[in-house]
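So the structure is just underneath, and the comments pick up after that.
Below, read A as the first sequence line, B as the second, and so on, with proteins coming before strands; counting in each chain starts at 1. All values below were derived from every heavy atom in this structure, side-chain atoms included, with hydrogens, water molecules and symmetry-related copies excluded. Please read all numbers here as calculations on a predicted model, not as lab measurements.
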Amino acid sequence: MEAVGGVLFSGIVLGGMYALVAMGLTLQYGVARIMNLAYGEFVVAAGFAALWLFTAAQVSPLLGLLLVMPAAFLLNLMIYRVLLLPLVRRARSPGALETDSILATFGLLFVVQGVLLAAFGGAYQNYSYLSVPIGLFGATVTANRLVALLFAAAIGTALWLWLARTRAGTAVRAVAVNPEAAQLVAIDVRRVAALAFAVGGAMVAAGGVLVSMFLTFNAAMGVVFTMKALVVVIMGGVGNLMGCLVAGLLLGLVETAVASWVDPGLTLAATYALFLFVLILRPAGLFGRPAR
Amino acid sequence: MTGFTIGRRAALAGAAACLAAPAIGRAQGTPAAVRIGYAISKTGPNAGGASITTIPNYELWVREVNEAGGLRLGDRRVRIEVVEYDDRSISEDAVRAVERLVNQDRVDFVLPPWGTALNLAVAPILNRAGYPQLAATAVTDRAPQLGQRWSNSFWLLGTGQDAGAGLAEVLGPAKQAGLIGDTVALVSVADGFGIELANGMRPALQRAGFRLTYDRSYPVGTQDMAPILAEAARGNPEVFVACSYPPDTLAITEQARVSGFNPKVFYTGVGTAFPLYKQRFGANVEGVMGVGGVDAASPRFQDYKRRHLAASGREPDRWASSIVFASLEMLQQAIERVGRIDRAAVIRELQTGSFDTVIGTVRLQNNLLTDTWVVGQWQDGEFYGVVPTRKQGARQPIVPKPAWRPT
């Protein structure tokens, strides 16, 4: 049986990755109210961008973040303006917007996937970066997973500071809590929603670049990330960054503990049991009310 | 050069026949083009396997046949025309696409989809319609029964049982020679082939006198192998076996390497034979065993590898790729021997004929290809077949495997 320290450490590394991949979705879904089904495709697209930068131009994925994140920000802003704003304009209720955005991003999913397939083919991809062992607390992980975790923590903290300490961030939180009331204090809800969607897109891209350092992926794997991110976001409470982090870590820890101490075959069952358990106790997610 | 002239003449003749009297052309069995259709997973979870093993071979074969002027039907050469669909890795879509190929597009031959599940899904339709099905990427323990039930279907990749049992043929003698002890840690993915492979291994290993110190399965799509590997390594097993799928195969190897887990035999499942595996781990692949293998030294394979690389920019995988290409060569030779589009006759020829292919001379027994490589090992940067040990080109296994090197 593996030592508690090792399990905790491996679990945190895995959970940090889940939280990282889900942070963008919580912004897009919680603030911009866009249920982005193409989410996983954008994760994979960022992974391909990192792969391409690394293999064709020898740019390290960490430097690549500086390029990929702004590019994703602009791309997502454009997607919001062109594709989603018309839906926002004609939506009579948040529910209608949700349905419309699900349909629109479902279509977007195939567009992004098609572009990736045409550009890179369907084969599995993988590259080796910072693939050296690091032993901590009796567990051995690769340096790239650890670096991804640290970057995720840094990016998450920066995002949190932005939301908590700046004027724009406060506006974003206001819209997340109550879009109607936000208008009363002269917040341009559509602009803020566009901003949140684009920042969410940049977070997605960061997640994709970082996980591409250690996961094997192909153009068809987006849905895996969408599913995981959805579980994390709904479990943590939609639109809540802290909830996202806690839910991600919880999932990682439970999966690792079950794989080490019970049976690796039961990790999926444990994930969904935890998900159900949380939703039964707190139907709005761990951090309930959409805030922050 | 002659090929080109004949080809053009055939094409002209074909076009003329088509314009003037298509009905007569058909009646004489000399169509303007041989229409070949396939539904393949371009998207969805199967896309990774299909685009490594199947699609490049279909494209390479069609191109090479057409560059030679086409299929030889009697004294004419007839070009291949392709109808292609994406089955999105979904059985229902594959079934619908194949029905469409047969009923609406009325193609002359159908090439099979990728993977066991989809081949099983489309088999009844192809059987009813009387089309040959050369399943080169399907591994199932029911292959012998299927070949009997559907006489038009041919199962070329063996059974999971045989593939699993094959490993004992390497390990048994190694244990007797005192090279390895008797402890084995086994992990397997809880899905079709992973389960069959593990089921084939357990009894064979037991018969050979091994005992399992760890035997657990994990769900498809598991992204972190660290806890599983840590548990498997705990008993310090002499042999480590993973009945895994490509992403897990890479993750398991990576985790074993970085955690310094160095069993004397290291075996991983699907994906070990992929060029990506060697690309990813470089010199560290030396001594790793896995499912599949090729007779890499044979000039036929060397030549095939070069053509595959030139056509698709990628090397073939060292398990099913060459078998897929061989299945196409078999189909081509069967059609050309029959000399017309007569599917029943082509099926008979496939059942009884002997074919000259990239994997050597092939003769099917009860619709099965029986002597495929089941265990291979990376040696000097190439994935050689090791079991069956008596097959031509079989290499002596390297046991114990050299320890992982830091990169």
Side-chain angles (χ1 to χ4, degrees), chain A residues 1-3 6-7 9-11 13-15 17-18 110 113-114 116-117 120-128 131-135 138-145 211 214-221 223-224 227-228 252 255-269 271, chain B residues 40-53 55-56 86 88-89 187-190 216-232 234 245-251 254-255 257-261 271 274-277 279-282 312-314 404 406-407:
Chain A
M1 192 167 286
E2 203 175 344
V7 171
F9 181 60
S10 304
V13 172
L14 180 67
M17 179 192 111
Y18 289 156
F110 293 105
Q113 204 181 72
L116 288 179
L117 279 171
F120 297 97
Y124 289 109
Q125 305 288 347
N126 191 309
Y127 61 90
S128 180
S131 191
V132 290
I134 301 227
T140 310
V141 296
T142 47
N144 47 31
R145 273 182 191 261
V211 299
F214 52 85
L215 285 189
T216 302
F217 55 96
N218 71 9
M221 260 171 68
V223 64
V224 177
M227 287 303 289
K228 209 77 195 202
E255 274 190 27
T256 309
V258 167
S260 303
W261 294 333
V262 187
D263 187 330
L266 294 177
T267 47
L268 262 190
T271 303
Chain B
I40 197 84
S41 304
K42 296 209 147 185
T43 55
N46 290 355
S51 65
I52 285 175
T53 306
I55 298 171
D86 177 14
R88 296 166 55 219
S89 311
V187 303
S188 54
V189 60
R216 286 289 161 83
S217 67
Y218 58 85
V220 180
T222 298
Q223 285 167 342
D224 185 16
M225 291 294 167
I228 301 172
L229 259 264
E231 287 305 308
R234 190 155 303 276
Y245 281 179
D248 339 331
T249 297
L250 289 159
E254 173 75 350
Q255 186 61 32
R257 185 181 72 75
V258 297
S259 60
F261 174 42
F274 286 179
L276 176 69
Y277 193 80
Q279 223 175 70
R280 180 68 180 72
F281 297 110
S312 65
R314 281 200 305 270
W404 305 112
T407 45

query: Is the backbone N or O of A:Val262 less than 3.5 Å from a side-chain atom of B:Arg216, with the two atoms forming a donor-acceptor pair by type?
result: yes

message: To check you understand the geometry: which heavy-atom pair defines the closest contact between B:Glu231 and A:Ala259, and what is its length?
response: CG-O, 4.4 Å

message: Does any part of the side chain of B:Thr43, heavy atoms only, come nearer than 4.5 Å to the side chain of A:Gln113, both counted from C-beta?
response: yes

message: Taking every non-hydrogen pair under 4.5 Å, which of A:Thr216, A:Val211, A:Ile134 racks up the most with chain B?
response: A:Thr216

query: Is there side-chain contact between B:Arg257 and A:Ser131, with at least one heavy-atom pair below 4.5 Å?
result: yes

query: Side chain, backbone, both or neither: which part of A:Phe9 has a heavy atom under 4.5 Å from chain B?
result: neither

- prompt: When rounded to the nearest 0.5 angstrom, what is the spacing between CG in B:Asp224 and CZ in A:Phe214?
  reply: 8.5 Å

statement: On a heavy-atom basis, the closest approach of B:Pro247 and A:Tyr124 is CG-CE2, 3.7 Å

task: Would you confirm whether B:Arg314, through its side chain, and A:Ala123, through its main-chain N or O, come within 3.5 Å as a donor-acceptor pair?
output: no

field: Max heavy-atom pair count under 4.5 Å with chain B, selected residue of A:Val13, A:Val224, A:Leu117
entry: A:Leu117

field: Spacing of CD belonging to B:Gln279 relative to OH belonging to A:Tyr127, to within rounding of 0.5 Å
entry: 14.0 Å

- line: Applying a strict 4.5 Å limit to non-hydrogen atoms, the region of B:Pro45 in contact with chain A is backbone

message: Can you tell me how far apart CD1 (B:Ile228) and OG (A:Ser10) are? Round to the nearest 0.5 Å.
response: 11.5 Å

statement: One should read off an interatomic distance between A:Arg145 CZ and B:Gln255 CD, to the nearest 0.5 angstrom, of 7.0 Å

field: Rounded distance [0.5 Å steps], NZ in A:Lys228 versus CD in B:Gln223
entry: 6.5 Å

field: Taking every non-hydrogen atom, the tightest pair across B:Pro219 and A:Pro264
entry: CD-O, 3.1 Å

B:Arg88 atom CZ, neighbour heavy-atom count above 12 within 6.0 Å: no

